Amino acid sequence: MRKPPPPELRRVPKSSRRDEAFRKTIRQIPKGKVATYAQVAAAAGYPLYHRQVAQLLRTAPTGSLPWQRVVGAGGAIKLKYEAALEQRTRLEMEGVRFRGKRIDMAEHQHRFKGWEFD
DNA sequence: ATCCTGACCCAAG
DNA sequence: GCTTGGGCCAGGA
């Protein structure tokens, strides 16, 4: 029969598939472009899971993802306080322009390959 | 199992 | 423009 797996490898969270799809999708966003939480979720094959995209970004190891390129609908920064400023600064450093408080999406929206709706 | 919370979204008003 | 309520989903207490 099957041996009990060692503690480290045992019971991978079953959300790991989804999270992996999210990570892969997020890494596709090039410098100077952005995508919304909902767009990332949908492009990864999980429409309606935008909140989980945020959850992932929250818990992701720093440096593992270009987190600054994921924004709220309409190009809004959803972080608060200083974190919001950091995201804005990082994006501006990549050449992203803002119109008031929101990102100019007409210019910086990333289109995922094979996505049916712009 | 229930309750609460969150880097969400959107239609209304 | 901005605020609100309801809808959505998973993780932690």
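In the text below, chain A, chain B and the rest are named by the order of the sequence lines, each starting its count at 1. Everything numeric in this text was worked out from a predicted model, so none of it was measured.
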Can you measure [X] atom [atom1] to [N] atom [atom2] for me and round it to whole angstrom units?
X: A:Arg51; N: B:dC9; atom1: CZ; atom2: C1'; value: 9 Å
X: A:Tyr81; N: B:dG6; atom1: OH; atom2: C1'; value: 13 Å
X: A:His50; N: C:dC9; atom1: NE2; atom2: P; value: 8 Å
X: A:Arg18; N: C:dC8; atom1: CZ; atom2: C1'; value: 12 Å
X: A:Gln55; N: B:dC9; atom1: CD; atom2: P; value: 14 Å
X: A:Tyr46; N: C:dC9; atom1: OH; atom2: P; value: 14 Å
X: A:Gln39; N: B:dC10; atom1: CD; atom2: P; value: 9 Å
X: A:Lys78; N: B:dC10; atom1: NZ; atom2: C1'; value: 11 Å

With nearest nucleotide decided by heavy atoms, which residue, A:Trp67 or A:Gly74, maps closer to the 5′ end of DNA chain B?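 Here A:Trp67 is the residue nearer the 5' end.
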Considering every strand and a 4.0 Å limit on heavy-atom distances, what is the contact class for A:Leu48: base, sugar-phosphate, or nothing?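 Here A:Leu48 touches the backbone only, sparing every base.
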Is it true that a side-chain atom of A:Arg97 and a backbone atom of A:Asp104 form a donor plus acceptor pair closer than 3.5 Å?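 Here the side-chain-to-backbone pair does not exist.
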Side chains of A:Leu91 and A:Phe98: closer than 4.5 Å at any heavy-atom pair?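 A side-chain contact exists here, since the closest heavy-atom pair is under 4.5 Å.
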A:Gln109 side chain reached by A:Gln39 side chain, heavy atoms, under 4.5 Å: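 They are in side-chain contact.
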Show the nearest heavy-atom pair for residues A:Thr36 and A:Met105, with the distance to one decimal.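 Answer, listing the atom of A:Thr36 first, then A:Met105: CG2-CE, 4.1 Å.
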Is A:Tyr37 near enough to B:dC9 that one of its side-chain N or O atoms lies under 4.0 angstrom from OP1 or OP2?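 For B:dC9, neither OP1 nor OP2 has a side-chain N or O of A:Tyr37 closer than 4.0 Å.
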